[in-house]
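Numbers here simply count residues along the sequence, with the first being 1. Keep in mind that the numbers below use all heavy atoms, side chains included, and drop hydrogens, waters and symmetry copies. Computed from a predicted structure; not experimentally measured.
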Amino acid sequence: MIPRLTHSLHRSLSSYWDSFSFLGLILATLFFCGSVTPSLLPRPYIVQGILSGFATAIGYVVGVVLVWFWNFLELPVPKQELARRLKQFTVAAVAVLFATFTWHASAWQNSVRVLMEMPPIESSELVWFFLIAMVVAGLLVTFARTMIFAGARLSRWLQKYLPRRIAISLSTLVVFLTALFIGNGVVARGLLSAADGFFLNADKLIEDGIAQPTAEWACGSTASLVDWDSIGRRGKDFIAGGPTAEEIAEFINDDDGVSESEWMHPIRVYVGMRSAEDDQARAALALEELKRAGGFERDVLVVATPTGTGWLDEGAVDTFEYLHRGDTAIVSMQYSYLPSWITILVDPSRSKRSASALFDQVYAHWTTLPKDSRPKLFLFGLSLGSFGCEDSADLMETFQDPIGGSVLSGPPFPSRQWGSIVASRNPGTPVWMPTFRDESMIRFTSQTNKLDNGKAWGPIRNVYIQHASDPMVWFSPSLAWNRPAWLNHPRGPDVSPALRWYPIVTFLQIAFDLPMATSIPIGYGHNYAPSSYIDAWVAVTQPAGWSEADLQKLKNRFAETEDSSH
C-alpha cells in the first residue's frame, strides 16, 4: 500500500515538474538576477522581495509565451531525451545563478546606499528577501499556470469546431482578456479604492500642535473666507507652519518692520478640496482670500501648485520667505489627497486643471494693478505640482505682461514642457543636468549649484531642480524596451556605477522605486534639499541684501533643522 502511494506521489510530482517550461525557468532566473542589481534607489528587503517575485514570475510568463509562439508556428522541438537533459542542466544553472546573485545583492544595494550616505544593510536580510521573492513568484506563477491550463482546455474544446490555429488564437485571447480584467478591473481597482479611502481619511486628520490661526488676516481664521475644517491636513500644516516675522528678523538681524509683525508676517493662502465644489470655484475663493489677506500688497507673490497629497515642501516655501524677509505671499490650492505617484497614474491632468484655474484668476487680477506697486509674480511646483504649473502661465497669453519666472523641482516623467526642453538640450550636456540654448530663460540645477555660471539672465527666469537619482523624473514606460539616456556617461553623482539596463526588468525596478522616492535622505531621489531651493530662489527672484556668507548661514540653519527632524 505504502510503496504504491509513494510511487503515485512520485509520478504526480514528476508530472507536475515536467509541466514547467524550461525556457520559462531560464528567463525567470535571468529576470530574478536582473532585479537584484542596483536601481536608482536602495530598497528594503520587503520591497526587494516583492520586486524580485514579480520579475521572476514575469520572466517565466515571457518564456512560456515564447514557447507557445514557437509551437503555434509548428517549428521543430527537441526530442524527449534531449529535452530531459536540457531541463536537468537548466535546474543546475538556475540554482547556481540564484545563489550567486542573491549573495551579491547586499553589495549592489550598498553601492547605492553609500552614495546617499545611508548605513549598509545587514546580510541576514538576504534570507528574508529571497523567501518573500519565492512566495510572491510562486503565487503569481500559479495564477499564470492556472490561466494557461484553462486556455489549453478551452483550445481543445474549440478545436472540435474550428481549425487548430484559430482555436488556439481565440482561447489565448480569452485568457489574456480574462487576466487583464482580473488584474486591472478587480485587483487594481480594489487597491485604488482602498488607497482612496485611506488617504481621504488621512487628509481629514490634524497633527498635534496644529491649531486654527487666531489672527484675522490669516487664512483659515474665524474672519477668513476659507473654512478651517475644509482645508485638509497638508493645507493646515502649510498655513500654521513657516517662520514668523520675529523669527525672520532675529535671523537676519534686521529690526525693520518688527513692530508691525502682523504686517510683515508671511501671508499664506490655501484652499482645500472640500472648500469649494470645483477647480474654478476653489480658484475664485483663493483669489478673494488672497485679496482679503493683503497678498497683493506684498513685494513678492508666488502661485504654488502642491504635490498630489496637497503638500508644499517646507524647505521650498520657508526659505523663500526668509530670503524676502517675510514681505511675501504664497497662494495654493489642493487638487488631490493621493500621493503624486498614484495621482499621476490615475489622473495627472488634475494638477494641470487646478494650476491653470488658480493662475488664471490670480494673473487676471494682477494685471489690473499698477505695475510700479504690484508684487513680483512667480510660480512654484514640486513633483506633480511641477507638472501642473509648467504650462499654467502660457507664454503667448502672458507675453504682453510677463511674470518673473518659476522654480520647478522634481518634474515627473509625463511633463511635456520639461521633456521637450531636455530632448532639445545643448549637445554634449547630460540629460540629468542639461543646458538649454543660451541659458537666459531656463537653467537646471541639482545638489551642487549650477545656476551661477556667469551667463546673463533674460527678463523671465525659470529653474528646474532635478536629481539624477529621482525615479519620478526618470521613470518611463519606454524603459521596458529602450535603454535610457540617463545611463550614459557621465552619470549623475548619485547613480550607482553598477546600475545596468535590462529589458522589462529595469522598468520594474524604477516602477518599484516610485513609492519610495521620498523615503531616503534629503538631497537624493525625490527629496530636494533646502539649499537647492535657496540657490533657485536667489537666481529667479533676486532677493536684495544677501551676501554669500548670509546665504551659507541660511543654508546651515535649514540643514540643522533637517538633521534634527530625522
* Asked: Do F475 and F507 make the cut of ring centroids closer than 6.0 angstrom?
  -> yes

* In plain terms, say whether D391 and R353 are close enough for a salt bridge, that is, a side-chain N and a carboxylate O under 4.0 Å apart. => no

* Structure fact -> One should read off an interatomic distance between L40 CG and M516 CE, to the nearest 0.5 angstrom, of 10.0 Å

* Side-chain heavy-atom pair L382, F380 within 4.5 angstrom cut-off -> yes

* **Over all atoms of both residues, closest heavy-atom pair of N527 and I520** => ND2-O, 2.6 Å

* Between Y464 and Q417, is any side-chain donor less than 3.5 angstrom from a side-chain acceptor? -> yes

* Asked: Side chain of T506, backbone of Y502: donor and acceptor closer than 3.5 Å?
  -> yes

* Determine, using ring centers only, whether W537 and H324 are less than 6.0 Å apart. => no

* Could you tell me whether D452 atom CG has more than 12 heavy atoms of other residues or ligands within 6.0 Å of it? => no

* **Any side-chain heavy-atom pair of W457 and R443 under 4.5 Å** => yes

* Asked: Using a distance-only test with no angle check, is there a side-chain donor-acceptor pair under 3.5 angstrom linking S39 and R43?
  -> yes

* W546 versus R325: any side-chain heavy-atom pair under 4.5 Å? -> yes

* Which residues share a side-chain contact (heavy atoms from CB on, under 4.5 Å) with N482, sequence neighbours left out -> S478

* To do: Give the minimum heavy-atom separation between S496 and V112, together with the two atoms involved.
  => CB-CG2, 3.9 Å

* Side-chain contact, heavy-atom cut-off 4.5 Å: W366 with L287? -> no

* Kindly indicate, with the supporting measurements, whether the criterion salt bridge (charged side-chain N to carboxylate O under 4.0 Å, His left out) is fulfilled by K455 and D438. => CA-CA 8 Å; K455 296 183 178 181; D438 63 356; over 6 Å; no

* Does any donor atom in the side chain of N556 or Q552 lie under 3.5 Å from an acceptor atom in the other side chain? -> yes

* Go through the steps to decide whether L379 and V302 satisfy the test side-chain contact (heavy atoms from CB on, under 4.5 Å), and finish with yes or no. => CA-CA 5 Å; L379 294 176; V302 168; over 6 Å; no

* To do: Dump the intermediate steps for salt bridge (charged side-chain N to carboxylate O under 4.0 Å, His left out) on R416 and E390, then the final yes or no.
  => CA-CA 9 Å; R416 287 180 296 179; E390 69 172 7; over 6 Å; no

* Take Y524 and E117 through the side chain to side chain donor-acceptor pair (under 3.5 Å) test and state the conclusion after the steps. => CA-CA 10 Å; Y524 303 100; E117 304 173 90; 2.8 Å; yes

* To do: Take the angle between the ring planes of H365 and F296 and call it parallel below 30°, perpendicular above 60°, tilted in between.
  => perpendicular

* What closest approach, in Å, do P490 and P430 show between heavy atoms, and which atom pair accounts for it? -> O-CB, 4.2 Å

* To do: Can you see which heavy atom on L41 is nearest to which on S469, and at what distance?
  => CD2-O, 3.4 Å

* Answer whether the closest heavy-atom distance between the side chains of N426 and F436 falls below 4.5 Å. => no

* Q334 side-chain N/O to G310 backbone N/O, donor-acceptor pair under 3.5 Å -> no

* Structure fact -> In terms of heavy-atom contacts, V331 and A286 come closest through CG2-CB, 4.0 Å

* Determine whether the side chains of Y528 and Q447 contain a donor N or O and an acceptor N or O closer than 3.5 Å. => no

* To do: Report yes or no: do T398 and Y363 form a side-chain donor-acceptor pair below 3.5 Å?
  => no

* Asked: Would you say P243 and I248 make side-chain contact, with heavy atoms under 4.5 Å?
  -> yes

* To do: Begin from the C-alpha positions of L225 and R292 and carry the test side-chain contact (heavy atoms from CB on, under 4.5 Å) through to its verdict.
  => CA-CA 8 Å; L225 301 176; R292 185 197 72 84; 4.1 Å; yes

* Answer with yes or no after comparing the ring centroid distance for F251 and Y322 against a 6.0 Å cut-off, counting only values under it. => yes

* V226 and L285, any side-chain heavy atoms less than 4.5 Å apart -> yes

* Atom OG in S406, atom CZ in R461: separation rounded to 0.5 Å? -> 12.5 Å

* Asked: Would W474 and W418 count as a close aromatic pair, with their ring centres under 6.0 Å?
  -> yes

* Mind checking what makes salt bridge (Lys or Arg N to Asp or Glu O under 4.0 Å) contact with D401, not counting sequence neighbours? -> R374

* Distance, nearest 0.5 Å, that separates CD of Q466 from OG of S532 -> 11.5 Å

* Could R274 and D229 be called an ion pair, given the rule that one side-chain N must be under 4.0 Å from one carboxylate O? -> no

* **Test salt bridge (Lys or Arg N to Asp or Glu O under 4.0 Å) applied to R282 - qualifying residues, sequence neighbours left out** => D279

* Asked: side-chain contact (heavy atoms from CB on, under 4.5 Å) between I403 and F359: does it pass, once the steps are laid out?
  -> CA-CA 11 Å; I403 66 171; F359 176 79; 4.0 Å; yes

* More than 12 heavy atoms of other residues, nucleotides or ligands under 6.0 Å from CZ of R483: is that the case? -> yes

* To do: Drop me the distance from L358's CG to T305's OG1, to the nearest 0.5 angstrom.
  => 7.0 Å

* Asked: Does a side-chain heavy-atom distance below 4.5 Å link L451 with V463?
  -> yes

* To do: Could you walk me through whether F320 and I534 pass side-chain contact (heavy atoms from CB on, under 4.5 Å), step by step?
  => CA-CA 7 Å; F320 165 74; I534 291 172; over 6 Å; no

* State the CE-OH distance between M273 and Y335, to the nearest 0.5 angstrom. => 10.5 Å

* Atom pair OG1 (T319) and CZ (R557), whose distance is rounded to the nearest 0.5 Å -> 12.0 Å

